[in-house]
Amino acid sequence: MMQIRQLTRSFATATTTTTSNIPIKSSLILSRTPIVTQDISEFEKLFYNYQEELERRLMWTFPKWFYFKKGTVAEREFSEAQNYPIPNARGVWFPQGNPDLKHGRDRRFKQEVILPKKHIESDNNNKEEDSDNDFDNVGRPIRANSRITKFDKENDQTSLERKLPRTLYLLVNQNGNWKFPSFNVLSENENSGLHKIAEDGLRIIGGDKINTWSVSNSPAAVIKYDSNNKIIHNTDNNDQLITREFLIKSHIIAGKFDLQKSNNSVSDFKWLVKEEIKDLVDISYYSKIDHLLSDI
Amino acid sequence: MFTVRSTVKTITAHVKPTQQLRYKRDKAGLNPQLERIVNQLSVMSAARKQPRLLKLCDEDYIKHRTVMKAWSLYRKNKIEHNESLLEKQYQSMNEAAAELQSINPKLYEIANEHQFGKRFPLEIRTPTDFPPRQIWFYDYFPKVDGSKQQ
Amino acid sequence: MFQQSVRQFSSSAVAQKVGCAQVKPVHHKVRIIKKFLSPKYPELKYEPHDIRSPKYKPYLTTPDRVQDHYFNTLQSDLLLINYRHGQQPIYGNKRRQWDMTSPYHLNRPLRKPKGQIVPSPTIKPRTYENVPRLEGVTLNCFVKDAKLYPAQAISAALQLQQITGCKPKAIFAKTNVPNWKLRPGMKMGAKITLHGRDASQFISTLTEIVLPRTRDFYGISNRSGDRYGNIAFGLTAEEVKLFPEIENNQDSWPQNFGFDITLHTSAQTDADARILLSGLGFPFTGSERIPKTLLNDLVSEEEEISTTQQ
């Protein structure tokens, strides 16, 4: 037991002496998560439509007697809005087979439940716009906002409001290279941890009016650079001059990245999706971060 | 499980009907409470609400099979791609942790702390089909005491 | 295929054994469903997912946005959050071998685990293969008054059906409590287990419409959970009124019934499950208690050195 204790001590002292001069960097993968649902492909759209039609065909008849009390105005309005199928009658020939009605629904087909007109948008355009902007009016027509924003149309890559269905990543032009913002780890702030160093560094280059949530204390990946700032791909290169850059994942929640003029190392920034990053950054750098970026 | 006949029988033992219950189908003869129960049961039961069975001809059936097969292949490829990405992410975080352990034990210790009690912020929401009126909240100010970060 | 060995008495006897007694009356080991024997209803022989079966129900009708959010954002984050370098499995309390002091120990089922009856599972290191997922949601609505007013069990079932859009199952009293006039077999309410799109739909209504509007709701208790990744909480009758299906049809609901919600996750511990559920929009409150065994799941330093020495 005593021997082991001594051993641990000797190990610890050995590491502290050797590690102090190894250069380490902490880099931040700051992402904005999608705000709207992902775009679906044409195949998916057709498939979902097919399944929905099948579901409607196999659905039970709508029990209107439960939702609309007999003799009420709501019931009358609802009944008037429906297109009731023609019932079967003796002596009448139906070319597409005899109707099979139960509770006002032809059991051979899907049931179309039509809402009364007043619940759907009114036809008058002028009135609509007036009531649309009147946010205090609870009864204003429901109109969905556009999934494509004006920043998409302008292709403003510094905006957080572009590409709403996709994950955006913050890239900066640091010392002439487009990459995730990275910061040197100095020996005096080693006690705070890599994630804290990266978050603090972000506030130095981008202002403190930004709210972020770092996913974990542990790094998601490591990139090794040699003394000429070239990325090393082979793993067993134990040179003392290797710079190791640890990537920390984080999400932006509120506020914005506002490039500080006082900082000389960072000249520009962009919020980009995966494909745009692939076009912008160095190939060897992209090969190291490819799997960390979300496809959506 | 919830059938009209069995429940009317059990319930009539507790609810005293105003008149003799003779015809179960005749709602007019039931008291309002019993009528409501029959109404509720009719919503849940399949009786008189089911559509006719689907009758597919051979060609339609083969078409359906083809569509479902195409979908399952599409899903399978997507899932496999997702899993391979996840595996790569795991390998890279493993590599990073091992690297950090070998060069700087102090940073490694902080990085390797357990993350129990970590919570996703409520601001990261499930994406909706359409964006909100205010898409992004820009006017954020850090709290004075500096305790905002987790 | 079944070669007769010279040394053995018979190897084919076991392999070619019929699955039922051959002496009359024959008792089949496989239950025979008589409707399948009849040629009258050929559709009944199909699997429920076959479109020719009367049970067929298409369920892939819309994209599932909760599931998409999980796969696009949460899954890789959860992998990173749960990851610890050098994590070791925490072995559960398993059934024990008999010490063979008695000849009767031979072939006896294994001994109970120490200090408990059911063995506890081993908690494996978190890797890309076991990232926690939401597997299902169970709604359990037990109505106390249903013993006096059986109609309330029906109303409770319909309420669950309205909220979830799925068919509920009745639940029955199990115990006999003469003081409460409770006897086994009384219908006491209803329950549903939701999976897939139905579960996603339910939790998005819950987290986006119902919970933000409930009064005095600060979150699910951090003490809730069954230790192995299933978190439960309850909604009162007042809170149930906030479901849009109930709220927009208030005339039909003079009375509402509270119910318990269990969120089933594939997480191995409650602490992992809570991180997942917070990502799906459930707030948590209160202090969290984490078992000591979970905190020390790394290789201890002394062990590590002793292994390197060898």
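Order of the sequence lines sets the chain letters (A, B, ...), proteins ahead of strands, with each chain counted from 1.
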Gap between atom CG of C/D77 and atom CZ of B/F120 - 0.5 Å precision: 4.5 Å
Please classify the contact of C/D50 with chain B as side chain, backbone, both or neither, using a heavy-atom distance under 4.5 Å. side chain
For C/R223, is the CZ atom crowded, meaning more than 12 foreign heavy atoms sit under 6.0 Å from it? yes
Proximity breakdown for C/L79 and chain B, heavy-atom pairs closer than 4.5 Å: both
B/Q101 side, atom CD; C/H85 side, atom NE2 - distance, nearest 0.5 Å: 4.5 Å
Of all of C/G281, C/G279, C/A271, which one pairs up most often with chain B through heavy atoms under 4.5 Å apart? C/G279
C/E208 portion near chain B, given a 4.5 angstrom heavy-atom threshold: side chain
More than 12 heavy atoms of other residues, nucleotides or ligands under 6.0 Å from CZ of C/R133: yes or no? no
Would you say that more than 12 heavy atoms from the other residues, nucleotides or ligands in this model lie under 6.0 Å from the CZ of C/R213, or not? yes
Per-residue contacts, residues 70-89 of chain B versus chain C, heavy atoms under 4.5 Å: B/W71, B/N82, B/L86, B/E87, B/Q89
What part of B/A96 is in contact with chain C, defined as an atom under 4.5 angstrom from a non-hydrogen atom: side chain, backbone, both or neither? neither
Contacting region of C/R289 [heavy-atom separation from chain B under 4.5 Å]: neither
Give me the contact list for residues 126-137 of chain B versus chain C, heavy atoms only, anything under 4.5 Å, ordered by residue number. B/T126, B/P127, B/T128
Could you look at C/P58 and say if it's the side chain, the backbone, both or neither that has a heavy atom under 4.5 Å from chain B? neither
Do B/R125 and C/T207 have side chains that approach each other closer than 4.5 Å (heavy atoms only, starting at C-beta)? no
Going by the rule salt bridge (charged side-chain N to carboxylate O under 4.0 Å, His left out), which residues pair with B/E113 if we only count those two or more places apart in sequence or in a different chain? none
Interface residues of residues 53-66 of chain B facing chain C - heavy atom cut-off under 4.5 Å: B/L53, B/L54, B/L56, B/Y61, B/H64
Contacting moiety of C/Q87, where chain B heavy atoms sit under 4.5 Å: neither
Let me know if C/S155 has heavy atoms under 4.5 Å from chain B in its side chain, its backbone, both or neither. both
Less than 4.5 Å to any heavy atom of chain B: does that hold for the side chain of C/Y56, its backbone, both, or neither? side chain
Report yes if the side chains of B/I124 and C/H69 come closer than 4.5 Å at any heavy-atom pair, otherwise no. yes
Between NZ of B/K118 and CG of C/L80, what distance do you get to the nearest 0.5 Å? 9.0 Å
Under 4.5 Å to a heavy atom of chain B? For C/L294 that would be both
Could you check if a side-chain atom of B/R36 sits within less than 4.5 angstrom of a side-chain atom of C/S252, using non-hydrogen atoms only? no
Is the count of non-hydrogen atoms from other residues, nucleotides or ligands lying under 6.0 Å from C/K45 atom NZ greater than 12? yes
If you count the non-hydrogen atoms of other residues, nucleotides and ligands that lie under 6.0 Å from NZ in B/K49, is the total more than 12? yes
Under 4.5 Å, counting heavy-atom pairs only, tell me which of C/Q75, C/R52, C/K167, C/E129 racks up the most with chain B. C/R52
When rounded to the nearest 0.5 angstrom, what is the spacing between OH in C/Y128 and CE in B/M93? 12.0 Å
Using non-hydrogen atoms only, which part of C/N72 is less than 4.5 Å away from chain B: side chain, backbone, both, or neither? neither
Is there a side-chain contact between C/E288 and B/R119 in this structure, where contact means two heavy atoms from C-beta onward sitting under 4.5 Å apart? yes
Which of C/R65, C/Q161, C/R274, C/R84 touches chain B most, by non-hydrogen pairs under 4.5 Å: C/R84
In Å, rounded to the nearest 0.5 Å, how long is the span from CE of B/M44 to CD1 of C/I154? 6.5 Å
Can you tell me how far the CD1 atom of C/I275 sits from the CD atom of B/Q115, to the nearest 0.5 Å? 7.5 Å
